[in-house]
Amino acid sequence: MNNYLLIDFGSTYTKLTAVDLNAEAILGTAKSYTTVETDIMTGYEAALVELKATLAAKGRPDLEFDRKLACSSAAGGLKMVAIGLVQELTAEAAKRAALGAGARVLQVFDHDLTRRDIEKIAALKPDMLLLAGGTDGGNQTCILHNAKRLAEAKLPVPIVVAGNKSAMDDIDDLFKEAELIYSMSDNVMPKLNVLNVDPAREEIREIFMQRITHAKGIHTATGMIDDILMPTPAAVLKAAELLSKGTDLEDGIGTLVMVDIGGATTDVYSICDGEPTQPGVTQKGLEEPFAKRTVEGDLGMRYSALSLKEAAGSKRIRAYLKDDLADVDAACRHRSLQPDMIPQSPEERHMDEAIAKAAVALSVERHAGCLESYYSPMGVVISQLGKDLGNAAAFIGTGGVLVASENPKAILQEGLYDQETPTSLRPKSPAFKLDQDYILSAMGLLSQDHPDTALRIMKRHIVTL
């Protein structure tokens, strides 16, 4: 026996994946609506009944699991506030560290925190704060000011400190005296424009496992599973990076962009260096991480359907439907009020696909870099902000609306480069692929112990469209 049960307590659905490591095969998958409002284990048990029925039909009715590992984005996932010195530099570095850890960043604050800022942070009710500011040996004034504000406020949430190392001793003294919950990590920007987000990302993940899952009631699952390892988006990012880069024994598929369309958010991942590919274009701004995640909290198929409609506009969604009379407002309102809605008619499925097209188009445009031009004494200068995704080898889609669609490729194509907006550096001619069995988060979990097996399973199950 060498079987794993991999669990994703998602914001909308709890998804289970059973894996036979010896055969390197997925034995079955199942899902049920996430019941975090009552008891998260109710949804888990319902999905487990479905999974056991699938296994019984395959002649494995009494299958035992050696390991049960989980990730979670239930109850809003990991919600964070990032604080830094300069918006474009250390504040942005703090935001990227939080996003890479699988968090949803509620707001980013820069420069000196005010009393009103502290009130806003308290009102946002984050699960965790990330305090950064200053390069090592650089400005200490701002991060010390902000640490004093936080010490005075005594907010009952963990704080990860990842700023100027010269200020760490003083912050340690401040937070100890205030009896805050905190931990220290390496500076997210030790040198100007140089990122070092991995240590802070790991610290955030550790705190998530130790404290946040308990605060959300997810700890009730720990009697039936071995471990809740990380937020779901962090598991997906691990899977995407593994699929792209491969291992020492197994080749990856190369550079990729991935869109995860969920009920509350649309997440975009890019695994590539993203450096300028066009002649004469120079990189500008903060360096980009090779493995990057962005999350769009206003672009979701259910909980965030109304805000998606506001961002895209009803006219754009009707254009995808090719129906000038469609009541987009009513459709989005219904979805936001009924997050467990499953389309029952062709009209409802077409509306879902139109909303998904808007989610892909907007989320990839926000994730991708862009070109800016300005005049100099030497003539026109063109610079690149963000990542150039033009040469991405693969464009992968995951999420219920894509799996249910009869034409998922048409939805994903809305994220491609468009000559009408040539300054947006979106993918140009990638191979389109689909995570048809919802296995990405599961393979991110499995990669913790068995990366080669996880990679081979992904390469077999993520289909080319």
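All values reported here derive from a predicted model rather than from experimental measurement.
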Name every donor-acceptor pair, under 3.5 Å, that has one atom in a side chain of residues 233-241 and the other anywhere in the protein, sequence neighbours excluded.
residue : atom : partner : partner atom : Å
Lys238  : NZ   : Gln448  : OE1          : 3.3
Glu241  : OE2  : Lys245  : NZ           : 3.3

Asp388 CG to Thr277 OG1 distance, which is reported to the nearest 0.5 Å
3.5 Å

Taking the six-membered ring for Trp and the full ring for Phe, Tyr or His, determine whether the centres of His367 and Tyr269 are under 6.0 Å apart.
no

Give a yes or no on whether the backbone of Ile439 and the side-chain of Asp437 come within a donor-acceptor separation of less than 3.5 Å.
no

Can you find a pair of side-chain heavy atoms, one from Val257 and one from Pro430, that are under 4.5 Å apart?
no

Any Met168 side-chain heavy atom under 4.5 Å of Val161 side chain
yes

Are Asp117 and Thr114 close enough that a side-chain donor and a side-chain acceptor fall under 3.5 Å?
yes

Should Val81 and Val105 count as side-chain neighbours, where that means a heavy-atom distance under 4.5 Å?
no

Would you say the side-chain atoms of Lys387 pair up with the backbone N or O of Cys272, donor to acceptor, closer than 3.5 Å?
yes

Interatomic spacing from CG in Leu455 to OG in Ser244 - rounded to 0.5 Å:
10.0 Å

Indicate the atoms forming the closest heavy-atom contact of Ala200 with Ser185, along with that distance.
N-OG, 3.2 Å

So, does Ser304 use its side chain to make a donor-acceptor pair with the main chain of Asp298 at under 3.5 Å?
no

According to salt bridge (Lys or Arg N to Asp or Glu O under 4.0 Å), does anything in residues 253-268 pair up with another residue at least two apart or in another chain? List the pairs.
Asp267-Arg293

Once side-chain hydrogen bond (donor to acceptor under 3.5 Å, both in side chains) is applied, do any residues pair with Ser336, and if so which ones, sequence neighbours excluded?
none

Return yes if some donor-acceptor pair links the side-chain N/O of Asn146 with the main-chain N/O of His111 below 3.5 Å, else return no.
yes

Measure the shortest side-chain to side-chain distance between Val197 and Pro289 over non-hydrogen atoms and say whether it is less than 4.5 angstrom.
no

For Glu296, salt bridge (charged side-chain N to carboxylate O under 4.0 Å, His left out) partners two or more places apart
Arg366

Could you work out, with side-chain hydrogen bond (donor to acceptor under 3.5 Å, both in side chains) as the rule, every residue matching Asp352, not counting sequence neighbours?
Arg302, Arg335

With a 3.5 Å cut-off and sequence neighbours excluded, list the donor-acceptor pairs that the side chains of residues 134-143 form with protein atoms.
residue : atom : partner : partner atom : Å
Asp136  : OD1  : Lys165  : N            : 3.0
Asp136  : OD1  : Asn187  : ND2          : 3.0
Asn139  : OD1  : Thr141  : N            : 3.0
Asn139  : OD1  : Cys142  : N            : 3.1

For atom NZ of Lys459, is the number of surrounding heavy atoms from other residues, nucleotides or ligands below 6.0 Å larger than 12?
yes

Under 3.5 Å donor-acceptor, Thr266 side chain and Ala359 backbone:
no

Reported CG-to-CG distance for the pair Leu180 and Leu174, which is rounded to 0.5 angstrom
9.0 Å

Checking side-chain contact (heavy atoms from CB on, under 4.5 Å) for the pair Met189/Leu286: CA distance, chi angles, key distance, verdict?
CA-CA 10 Å; Met189 185 181 288; Leu286 193 61; 2.9 Å; yes

Could you check Met128 against Val160 for side-chain contact (heavy atoms from CB on, under 4.5 Å), going step by step and ending with a plain yes or no?
CA-CA 8 Å; Met128 199 183 305; Val160 175; 3.9 Å; yes

Donor-acceptor contact below 3.5 Å, side chain Ser363 vs main chain Val360
yes

Value rounded to 0.5 Å, distance of OG1 in Thr17 from OH in Tyr438
11.0 Å

So, taking the atom named CG in Leu51 and the one named CZ in Phe65, what distance separates them when rounded to the nearest 0.5 Å?
5.5 Å

side-chain hydrogen bond (donor to acceptor under 3.5 Å, both in side chains) partner of Tyr4, chosen from Asp66, Asp449, Thr453
Asp449

Quick one: does Gln384's side chain have a donor or acceptor within less than 3.5 Å of a partner on Gly386's backbone?
yes

Is the shortest heavy-atom distance from the side chain of His450 to the side chain of Leu21 under 4.5 Å?
yes

Validation row: Thr29, Lys15 side chains within 4.5 angstrom (heavy atoms):
no

Does any N or O in the side chain of His461 come within less than 3.5 Å of the main-chain N or O of Gln436, such that one atom is a donor and the other an acceptor?
no

CG of Leu129 to CG of Leu106, rounded to nearest 0.5 Å, is 10.0 Å

Please table the atom pairs, donor to acceptor, closer than 3.5 Å between any side-chain atom in residues 82-94 and protein atoms at least two apart or in another chain.
residue : atom : partner : partner atom : Å
Thr90   : OG1  : Leu85   : N            : 2.8
Thr90   : OG1  : Val86   : N            : 3.4
Glu92   : OE2  : Arg96   : NE           : 3.0

Determine, step by step, whether Arg349 and Glu353 satisfy the salt bridge (charged side-chain N to carboxylate O under 4.0 Å, His left out) criterion, reporting the C-alpha distance in whole Å, the side-chain angles of both residues, the deciding distance to 0.1 Å, and the verdict.
CA-CA 6 Å; Arg349 284 192 290 273; Glu353 290 180 353; over 6 Å; no

Who are the side-chain hydrogen bond (donor to acceptor under 3.5 Å, both in side chains) partners of Ser447, not counting sequence neighbours?
none

With sequence neighbours excluded, what pairs up with Thr398 under the side-chain hydrogen bond (donor to acceptor under 3.5 Å, both in side chains) test?
Asp435

For Tyr182 and Asp172, which I'm curious about, is there any donor-acceptor pair between the side chains at under 3.5 Å?
yes

Which heavy-atom pair separates Ala103 from Val295 by the least distance, and what is that distance?
O-CG1, 4.1 Å

Check whether any side-chain heavy atom of Glu372 sits under 4.5 Å from a side-chain heavy atom of Thr423, and report yes or no.
no

Could you go through the side-chain contact (heavy atoms from CB on, under 4.5 Å) check for His350 and Leu321 one step at a time?
CA-CA 7 Å; His350 293 156; Leu321 286 165; 4.0 Å; yes

For Arg426, salt bridge (charged side-chain N to carboxylate O under 4.0 Å, His left out) partners two or more places apart
none

Is the closest side-chain heavy-atom distance between Val19 and Ile457 below 4.5 Å?
yes

Count the heavy atoms of every other residue, nucleotide or ligand shown that sit under 6.0 Å from CG of Asn391, and state whether that count exceeds 12.
no

As a quick check of understanding, evaluate side-chain contact (heavy atoms from CB on, under 4.5 Å) for Lys428 and Leu416, giving each step before the final call.
CA-CA 6 Å; Lys428 290 184 176 178; Leu416 290 184; over 6 Å; no

So salt bridge (Lys or Arg N to Asp or Glu O under 4.0 Å) across residues 305-319, not counting sequence neighbours, yields Lys309-Asp329

Would you give me the side-chain donor-acceptor pairs under 3.5 Å for residues 406-415, sequence neighbours excluded?
residue : atom : partner : partner atom : Å
Asn407  : OD1  : Ala410  : N            : 3.4
Glu414  : OE1  : Tyr320  : OH           : 3.3

Which pair of heavy atoms, one from Ala358 and one from Leu308, lies closest together, and at what distance?
CB-CD2, 4.0 Å

